[in-house]
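Only one structure is covered here, and it is reproduced in the block below.
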Amino acid sequence: MNLKKELKRRWVSILFYTAIIVLIFSPTAKSWVLEQVVSTGLLKAKIKEDTSKNLPQAAPFSFTDAEGKSASTADLKGKVVFINFWASWCPPCRAEMPSLENLYQKFKEDERIVFLFMNEDNDRSKAIQYLQNNHFTIPLFYSSGDVPNEIFSGTLPTTVVLDKEGKIVLRHQGMASYNSDDFIRQLNGLL
């Protein structure tokens with residue numbers, strides 16, 4: 001059989017299998033597809049009104065900033081704390097990063113809220129390079145010691161919001177859109 005005719009006949013199958021292979025082996029392609037899903041607004045984060053029955057009261061942990069300065073979430077009482085655990089190699093983390101960057105830009109001047117973007121890369125330079133290559137300005141932080149399972153159990157991405165008293169009001173594992181009007185209104189309600 002003629003190769004050219006066979007390729008013409010099976011071009012849809014070839015295209016489909018090529019796309020599957022690219023998605024399997026390319027984190028960038030995976031994160032692009034997932035980013036399109038996040039941008040649809042189907043995966044919305046929501047701070048629930050009554051969280052006292054579902055979430056632990058508090059679970060402080062220590063962290064360091066990019067310069068090595070140490071602090072604890074217990075030191076942040078009186079402020080709303082938005083915590084996101086992510087890694088540069090994680091396609092769902094990369095997919096929600098534009099949403100997180102937009103949220104950070106909206107609140108970065110507001111001293112009533114603190115953003116802790118907790119990087120889980122083994123090689124910190126990869127996180128820095130990822131942020132620079134994509135023109136993200138979120139501040140980098142790293143855990144310095146054990147993070148309680150109530151906050152982070154190893155699933156990436158994980159997002160946690162603490163109210164002014166340090167109580168957990170949101171714990172979401174997996175990607176979501178955090179730049180929605182609804183979520184921003186909920187965050188403003190905590191301030």
Side-chain angles (χ1 to χ4, degrees), residues 43-90 92-94 96-97 99-128 130-131 136-180 182-191:
L43 303 172
K44 294 181 182 177
K46 182 172 171 97
I47 298 171
K48 296 182 177 46
E49 297 296 323
D50 181 18
T51 58
S52 60
K53 297 175 187 169
N54 302 331
L55 296 170
Q57 290 296 310
F61 66 94
S62 297
F63 59 90
T64 59
D65 65 14
E67 287 79 39
K69 182 181 172 191
S70 295
S72 170
T73 55
D75 302 331
L76 300 174
K77 284 197 178 170
K79 296 180 186 262
V80 172
V81 183
F82 182 96
I83 308 166
N84 178 266
F85 292 87
W86 70 282
S88 65
W89 51 263
C90 165
C93 300
R94 294 170 99 174
E96 72 177 10
M97 195 58 70
S99 165
L100 293 169
E101 173 69 22
N102 288 334
L103 180 70
Y104 172 69
Q105 288 300 321
K106 286 183 176 144
F107 285 96
K108 73 179 183 179
E109 301 297 326
D110 193 329
E111 294 182 7
R112 300 172 297 169
I113 187 168
V114 174
F115 286 89
L116 299 177
F117 294 99
M118 307 297 297
N119 183 255
E120 295 296 312
D121 281 300
N122 289 331
D123 181 352
R124 292 180 179 184
S125 67
K126 289 183 180 181
I128 293 166
Y130 170 76
L131 293 176
F136 294 132
T137 61
I138 64 168
L140 275 176
F141 293 91
Y142 309 96
S143 58
S144 55
D146 292 333
V147 177
N149 281 337
E150 295 88 352
I151 297 285
F152 179 61
S153 61
T155 300
L156 292 174
T158 293
T159 301
V160 176
V161 176
L162 308 177
D163 68 10
K164 290 180 179 182
E165 288 79 43
K167 294 179 184 173
I168 300 169
V169 294
L170 169 76
R171 182 172 185 263
H172 180 83
Q173 294 179 311
M175 64 184 186
S177 175
Y178 294 98
N179 193 35
S180 70
D182 191 38
F183 188 76
I184 290 168
R185 190 176 71 258
Q186 293 169 12
L187 265 184
N188 277 320
L190 295 173
L191 299 174

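Residue indices begin at 1 and follow the sequence shown. Every value quoted in this text rests on a predicted model; they were computed, and no experiment measured them.
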Q) Got more than 12 heavy atoms from elsewhere within 6.0 Å of CG, Asn122? A) no
Q. Roughly how far, to the nearest 0.5 Å, is CG of Leu170 from OG1 of Thr158?
A. 10.5 Å
Q | Atom of Ser70, atom of Thr64 and distance for their closest heavy-atom approach | A | OG-CG2, 3.4 Å
Q | Side chains of Glu120 and Ser143 in contact at under 4.5 Å (non-hydrogen atoms) | A | yes
Q | Note, Leu190 side chain near Gln186 side chain (heavy atom, < 4.5 Å) | A | no
(Q) Under a plain distance cut-off of 3.5 Å, with no hydrogens placed, do Lys126 and Asn119 share a side-chain donor-acceptor pair? (A) no
Q) Between Glu165 and Lys77, which heavy-atom pair has the shortest distance, and what is it? A) O-CE, 3.3 Å
Q. Distance from Lys108 atom NZ to Ile113 atom CD1, nearest 0.5 Å?
A. 14.0 Å
Q: Flag the pair Leu162 / Ile168 as yes when at least one side-chain heavy-atom distance between them is below 4.5 Å, and no otherwise.
A: yes
Q) Can you name the one residue among Phe183, Trp86, Tyr104 that meets ring pair (Phe, Tyr, Trp, His ring centres under 6.0 Å) with Tyr178? A) Phe183
Q: Kindly assign one of parallel, tilted or perpendicular to the pair Phe107 and Phe115, based on the angle between their ring planes and the thresholds 30° and 60°.
A: tilted
Q: Find the distance between CD (Glu101) and CD (Gln105) and round it off to the nearest 0.5 Å.
A: 4.5 Å
Q.
For the backbone of Asn179 and the side chain of Ser99, can you confirm whether one donor and one acceptor N or O come within less than 3.5 Å of each other?
A. yes
Q.
Which heavy atom of Tyr142 sits nearest to which heavy atom of Ala66, and what is that distance?
A. CE1-CA, 4.2 Å
Q: Could you check if a side-chain atom of Arg171 sits within less than 4.5 angstrom of a side-chain atom of Ser153, using non-hydrogen atoms only?
A: yes
Q.
With heavy-atom distances below 4.5 Å as the criterion, would you say the side chains of Phe152 and Met118 are in contact?
A. no
Q | Rounded distance [0.5 Å steps], CG in Leu140 versus CG in Leu116 | A | 11.5 Å
Q: Drop me the distance from Leu187's CG to Asp163's CG, to the nearest 0.5 angstrom.
A: 11.5 Å
Q. Nearest 0.5 Å, what's the OG-CG distance between Ser180 and Asn102?
A. 11.5 Å
(Q) I'd like to check Phe85 versus Leu156 (side-chain heavy atoms, cut-off strictly below 4.5 Å). Are they in contact? (A) yes
Q. Ignoring hydrogens and geometry, is there a side-chain-to-backbone donor-acceptor pair from Asp121 to Ser88 under 3.5 Å?
A. yes
Q: For residues Pro60 and Ser72, report the shortest heavy-atom separation together with the two atoms involved.
A: CB-OG, 4.3 Å
Q: May I ask you to decide if the ring planes of Phe82 and Phe117 are parallel, tilted or perpendicular, using 30° and 60° as cut-offs?
A: tilted
Q | side chain to side chain contact (heavy atoms under 4.5 Å, CB included) between Ile138 and Met97, intermediate numbers included | A | CA-CA 9 Å; Ile138 64 168; Met97 195 58 70; 3.5 Å; yes
Q.
Using only atom types and a distance under 3.5 Å, with no angle test, would you say the side chain of Thr73 pairs donor to acceptor with the backbone of Phe61?
A. yes
Q: Determine the minimum heavy-atom distance between Gly174 and Glu96, stating which atoms define it.
A: O-OE1, 3.9 Å
